[in-house]
Colleague: 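Below you'll find the structure I mean.
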Amino acid sequence: MDIYKINDIAKLIEGNSYVGRGIVIGKSSDGKKACAAYFIMGRSNNSRNRVFTERDGVLYTEPFDAGKVEDPSLIIYAALREYKNKLIVTNGDQTDTIYEGIKAGGSFSGALATREFEPDCPNFTPRISGMLTFHRGDFTYDMSILKSADEKGSACCRYTFSYPALPGLGHFIHTYVCDGSPIPTFQGEPERVAIPDDIDEFTDSLWNALDPNNKISLYVRYVDLETGEAENRLINKNV
């Protein structure tokens with residue numbers, strides 16, 4: 001087993017009908033750009049009734065048809081936002097928890113210590129989060145997963161991973177292993193994946209690999225490490 005293998009993210013996803021929500025963070029192969037990506041999938045009508053919208057640099061999940069919303073509590077939130085030299089991306093309203101914690105002088109892991117997995121028994125969907133910290137033309141990044149300790153949801157396990165940014169390498173974390181009932185939670189460390197130089201190449205590869213019936217939206221941001229200029233791609237299945 002090659003523990004340093006860098007995978008093609010499309011090959012990790014293809015043929016898997018439900019990996020849930022996913023976050024990818026890493027550095028382009030030329031070492032010039034930071035990459036952050038987030039996608040959502042859904043099985044229920046409530047989950048599928050969503051789109052990504054971007055306003056003032058903040059990415060939101062919002063209803064596609066407001067009249068069909070059943071329960072907004074776990075599906076409507078700010079998914080990506082910035083604070084000073086931090087870029088935060090998560091699969092829930094813990095985006096704001098991290099944002100407020102950092103703003104108050106706290107840490108990524110400290111903010112998430114106040115949160116736990118989603119209360120959607122029997123799945124107990126994990127909360128996955130990531131944060132890039134930019135400094136002197138480079139960056140480091142942290143990723144987290146908060147997951148149930150057992151099938152009863154009686155306690156929360158918290159895992160935090162901290163990474164240097166290496167050219168061509170990214171890490172991919174998602175909520176589920178695959179479809180099921182209940183849905184099996186992601187296991188192990190974030191997966192090592194390749195980050196190409198071209199944002200469109202990466203966006204197209206990821207979007208096309210996601211199951212066509214269950215994918216909903218994808219957002220990708222590349223940040224030039226020299227200039228700080230951001231380039232974004234946003235795809236919604238519901239248009």
Side-chain angles (χ1 to χ4, degrees), residues 1-16 19 21-41 52 54 56-59 79-91 95 98-99 102 108 128-145 160-174 186 188-210 215 217-236:
M1 180 180 179
D2 183 0
I3 62 172
Y4 296 112
K5 179 182 178 181
I6 300 178
N7 300 283
D8 179 340
I9 193 169
K11 292 181 179 179
L12 291 179
I13 295 172
E14 285 173 346
N16 189 337
V19 293
R21 286 166 273 173
I23 295 171
V24 185
I25 300 174
K27 182 186 278 189
S28 61
S29 56
D30 62 8
K32 295 181 179 180
K33 296 177 182 178
C35 167
Y38 178 55
F39 66 79
I40 58 175
M41 304 180 77
F52 282 168
E54 188 177 15
D56 300 323
V58 180
L59 179 71
L80 179 146
R81 64 187 308 176
E82 298 175 83
Y83 180 72
K84 293 186 176 179
N85 67 328
K86 313 285 189 183
L87 178 62
I88 303 160
V89 55
T90 90
N91 73 328
T95 303
I98 298 168
Y99 178 90
I102 296 297
F108 177 76
I128 55 173
S129 307
M131 185 176 76
L132 296 78
T133 300
F134 296 92
H135 182 64
R136 294 183 178 177
D138 207 350
F139 71 104
T140 57
Y141 57 102
D142 299 285
M143 303 184 88
S144 164
I145 184 167
T160 302
F161 307 90
S162 298
Y163 299 104
L166 301 178
L169 175 63
H171 288 86
F172 173 38
I173 192 167
H174 42 101
F186 179 88
E189 296 182 17
E191 297 163 310
R192 292 164 59 91
V193 296
I195 306 295
D197 297 337
D198 186 85
I199 186 173
D200 290 313
E201 177 187 345
F202 182 71
T203 302
D204 292 344
S205 176
L206 181 49
W207 181 249
N208 292 333
L210 292 169
K215 66 183 178 183
S217 298
L218 168 66
Y219 181 86
V220 179
R221 178 177 293 185
Y222 272 36
V223 179
D224 188 298
L225 293 173
E226 182 178 353
T227 67
E229 182 179 352
E231 189 175 8
N232 307 318
R233 298 291 184 269
L234 189 157
I235 303 175
N236 285 314

Colleague: Restricting to side-chain hydrogen bond (donor to acceptor under 3.5 Å, both in side chains), what partner residues turn up for Ser144, sequence neighbours left out?
Modeller: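 Applying side-chain hydrogen bond (donor to acceptor under 3.5 Å, both in side chains) to Ser144 gives none.
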Colleague: Who pairs with Asn208 by side-chain hydrogen bond (donor to acceptor under 3.5 Å, both in side chains), at least two apart in sequence or on another chain?
Modeller: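 Asn208 satisfies side-chain hydrogen bond (donor to acceptor under 3.5 Å, both in side chains) with no residue once adjacent residues are dropped.
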Colleague: Of all heavy-atom pairs between Ile173 and Ile128, which one has the smallest distance, and what is that distance?
Modeller: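 Of all heavy-atom pairs spanning Ile173 and Ile128, the closest is O-CD1, 3.7 Å.
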Colleague: Check Asn91 against Ile23 and note the closest heavy-atom contact, atom names and distance.
Modeller: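 Heavy atoms of Asn91 and Ile23 come nearest at N-CD1, 4.5 Å.
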Colleague: Return the set of residues passing salt bridge (Lys or Arg N to Asp or Glu O under 4.0 Å) with Lys33 (not counting sequence neighbours), or none when no residue passes.
Modeller: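 Checked Lys33 against salt bridge (Lys or Arg N to Asp or Glu O under 4.0 Å); zero matches.
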Colleague: Can you confirm whether the side chains of Glu189 and His171 place a donor and an acceptor under 3.5 Å from each other?
Modeller: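 No donor-acceptor contact under 3.5 Å links the two side chains.
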Colleague: Applying salt bridge (Lys or Arg N to Asp or Glu O under 4.0 Å), can you list everything that pairs with Glu54, at least two apart in sequence or on another chain?
Modeller: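 With sequence neighbours excluded, Glu54 shows a salt bridge (Lys or Arg N to Asp or Glu O under 4.0 Å) to Arg221, given in chain and number order.
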Colleague: Residues in side chain to side chain contact (heavy atoms under 4.5 Å, CB included) with Glu226, at least two apart?
Modeller: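 Checked Glu226 against side chain to side chain contact (heavy atoms under 4.5 Å, CB included); matches are Asp224.
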Colleague: How would you list, by chain and number, every residue that makes a salt bridge (Lys or Arg N to Asp or Glu O under 4.0 Å) with Asp200, sequence neighbours excluded?
Modeller: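 Once residues adjacent in sequence are excluded, the partners of Asp200 under the salt bridge (Lys or Arg N to Asp or Glu O under 4.0 Å) criterion are Arg233.
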Colleague: With sequence neighbours excluded, what pairs up with Asp197 under the side-chain hydrogen bond (donor to acceptor under 3.5 Å, both in side chains) test?
Modeller: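 So Asp197 forms a side-chain hydrogen bond (donor to acceptor under 3.5 Å, both in side chains) with Ser29.
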Colleague: Can you tell me which residue pairs pass the salt bridge (Lys or Arg N to Asp or Glu O under 4.0 Å) test with a partner in residues 161-170, sequence neighbours excluded?
Modeller: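 Sorted pair list comes back empty.
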Colleague: Using ring-ring contact (aromatic ring centres under 6.0 Å, His included) as the criterion, list what pairs up with Tyr38, not counting sequence neighbours.
Modeller: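 Tyr38 satisfies ring-ring contact (aromatic ring centres under 6.0 Å, His included) with Phe52 once adjacent residues are dropped.
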Colleague: If I compare all heavy atoms of Tyr99 with all of Arg81, which pair ends up nearest, and what's the gap?
Modeller: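 Heavy atoms of Tyr99 and Arg81 come nearest at CD1-NE, 3.5 Å.
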Colleague: Which residues pass the side-chain hydrogen bond (donor to acceptor under 3.5 Å, both in side chains) test with Asp30, sequence neighbours left out?
Modeller: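 Applying side-chain hydrogen bond (donor to acceptor under 3.5 Å, both in side chains) to Asp30 gives Ser28.
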Colleague: With sequence neighbours excluded, give me every side-chain hydrogen bond (donor to acceptor under 3.5 Å, both in side chains) pair touching residues 1-12.
Modeller: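 Qualifying pairs: none.
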Colleague: Would you mind writing out the side-chain donor-acceptor pairs for residues 130-137 within the sub-3.5 Å range, not counting sequence neighbours?
Modeller:
from   : atom 1 : to    : atom 2 : distance (Å)
Thr133 : OG1    : Lys86 : NZ     : 3.2

